[in-house]
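Presented below is the structure to which this report refers.
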There are 2 protein chains.
Amino acid sequence: MGSDRRGGEESASTRTAILDATAQIMREEGYAAVSSRRVADRAGLKSQLVHYHFGTMDELFLALYQRYEEQYFQRHAKALASRNPLRALWELSADTAGAELSLEFIALANHRKAIRKEIARSTERYRSLQVAVISRVAEDLGISEDDMPADVLCFLMVATSRALITEAAVGVSAGHAQMRAYVERRLQALEARSAPET
Amino acid sequence: MGSDRRGGEESASTRTAILDATAQIMREEGYAAVSSRRVADRAGLKSQLVHYHFGTMDELFLALYQRYEEQYFQRHAKALASRNPLRALWELSADTAGAELSLEFIALANHRKAIRKEIARSTERYRSLQVAVISRVAEDLGISEDDMPADVLCFLMVATSRALITEAAVGVSAGHAQMRAYVERRLQALEARSAPET
DNA sequence: GTCTATAGGCCGATAGAC
DNA sequence: GTCTATCGGCCTATAGAC
């Protein structure tokens, strides 16, 4: 890819190494631990290269977010297109490994204006895709829009998975097993209703 | 109060000023923006006083958390003891102003070992108090333990309010009004069942 | 595209005078 | 209990050689 903001040549692999190192540090120690020096150290480079390739740290974070989001968008689209989008969505958002980075971005967005806009925009985009699909399958599954609107169900699922991951990260586990079991029971009940003869 | 870890005399008011300044910065700019110099500036003191009174920054955070928790414990106990604990718990945890600091502490706990233990401990303590009360009122309200266990309902409420606040902080509002309306509807339905003749 | 050098700043924490 | 002075460290970012 020759789409680098500056130069072309052999920069793609360096850029990738820098982004990889940034993601790694964010996951392991949080966004606050990301500095041009630490990133460069982990990538085996000089810290100035980080600035050469990405400019400010905010731009680095944004570039990482965009790369992350491209990958996530594929997984998300696949989940929504699957035979059982409700379960796929749950499993996608309840996947601890993938969600840690996402949570760091949210924390980052909380205090970096430049990041906030981007995160808010894409979060709302995902939400509306999710609600559209849930809305469609809810009809088939006999979930009444009056009792449980699609956007409410969507929000509940996202909120629940996020809370499970956040709490697990700080070492809280009370009620987690019960919560996961409950979701599982509900998903199975819907599946039984959806395909009783398979 | 002469319960300061170091010295007594006139230190209580200085300690309070330092804790107030710390809380203010955390709320406005996040825990990462807290430094002994910034805290001291805002309190009109020298940064060295922060270390004199609290030692390390981790100890400062812990002291603030303990003070915060003492206040919160009172409000929480009052909510659980009220005539309608479910609604009171919802209103307490959905109160944006109060919860911002709490979210900062969770973010902080995510990457500071010393804080993590304390947060985890008190989070689980609150959770178990909540579940006990919900368990009790659920019976009266006709919520079946099989359909919706108390710890699941508790988790759902906490997760939902936390997600609403987190998302609002980064500027996401999609589905929020519907979510709040849904909770309101459910609470009212339960209240109607609980006190039909009042 | 990568290097060295460096400016300029904020940080935690301690020592010692008063 | 509060002050001044200060050490040593890590940070972002830029300038200029190669």
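Just so you know, these numbers come straight off a predicted model, no measurement behind them.
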**Complete:** Here the distance between atom P of D:dT14 and atom NE2 of A:His53, to the nearest Å, is 15 Å
**salt bridge (Lys or Arg N to Asp or Glu O under 4.0 Å) partner of B:Asp20, chosen from B:Arg67, B:Arg27, B:Arg15** = B:Arg67
**Prompt:** Roughly how many Å is it from CZ in A:Arg42 to P in D:dC10, rounded to a whole number?
**Reply:** 16 Å
**Prompt:** Of all residues at least two apart in sequence or in a different chain, which pass the salt bridge (charged side-chain N to carboxylate O under 4.0 Å, His left out) check with B:Glu69?
**Reply:** B:Arg125
**Complete:** Taken in chain and number order and not counting sequence neighbours, the residues that satisfy ring-ring contact (aromatic ring centres under 6.0 Å, His included) with A:Tyr65 are A:Phe105
Identify each donor-acceptor pair in which a side-chain atom of residues 163-170 of chain A lies under 3.5 Å from a protein atom, sequence neighbours left out, and give them as a table.
| unit_1 | atom_1 | unit_2 | atom_2 | d |
| --- | --- | --- | --- | --- |
| A:Thr166 | OG1 | A:Arg162 | O | 2.8 |
| A:Glu167 | OE1 | A:His176 | NE2 | 2.8 |
| A:Glu167 | OE1 | B:Arg127 | NH1 | 3.3 |
| A:Glu167 | OE2 | B:Arg127 | NH2 | 2.6 |
| A:Glu167 | OE2 | B:Arg162 | NH2 | 3.0 |

**Request:** Specify the separation, in whole Å, of atom CD1 of B:Ile18 and atom P of D:dG1.
**Result:** 12 Å
**Request:** Can you tell me which residue pairs pass the side-chain hydrogen bond (donor to acceptor under 3.5 Å, both in side chains) test with a partner in residues 139-156 of chain A, sequence neighbours excluded?
**Result:** A:Asp151-B:Gln178
**Request:** Any side-chain hydrogen bond (donor to acceptor under 3.5 Å, both in side chains) involving residues 104-121 of chain B? Give me the pairs, sequence neighbours left out, ordered by first then second residue.
**Result:** A:Glu104-B:His111, A:His111-B:Glu104, B:Asp58-B:Arg112, B:Glu118-B:Arg121
**Message:** One character per nucleotide, please: for nucleotides 11-18 of chain C, 5' to 3', B when the base has a protein heavy atom closer than 4.0 Å, S when only the sugar-phosphate does, - otherwise.
**Reply:** BBBB----
**Fill in**
note: B:Leu45, atom CG; D:dT4, atom C1'; distance rounded to Å ~ 15 Å
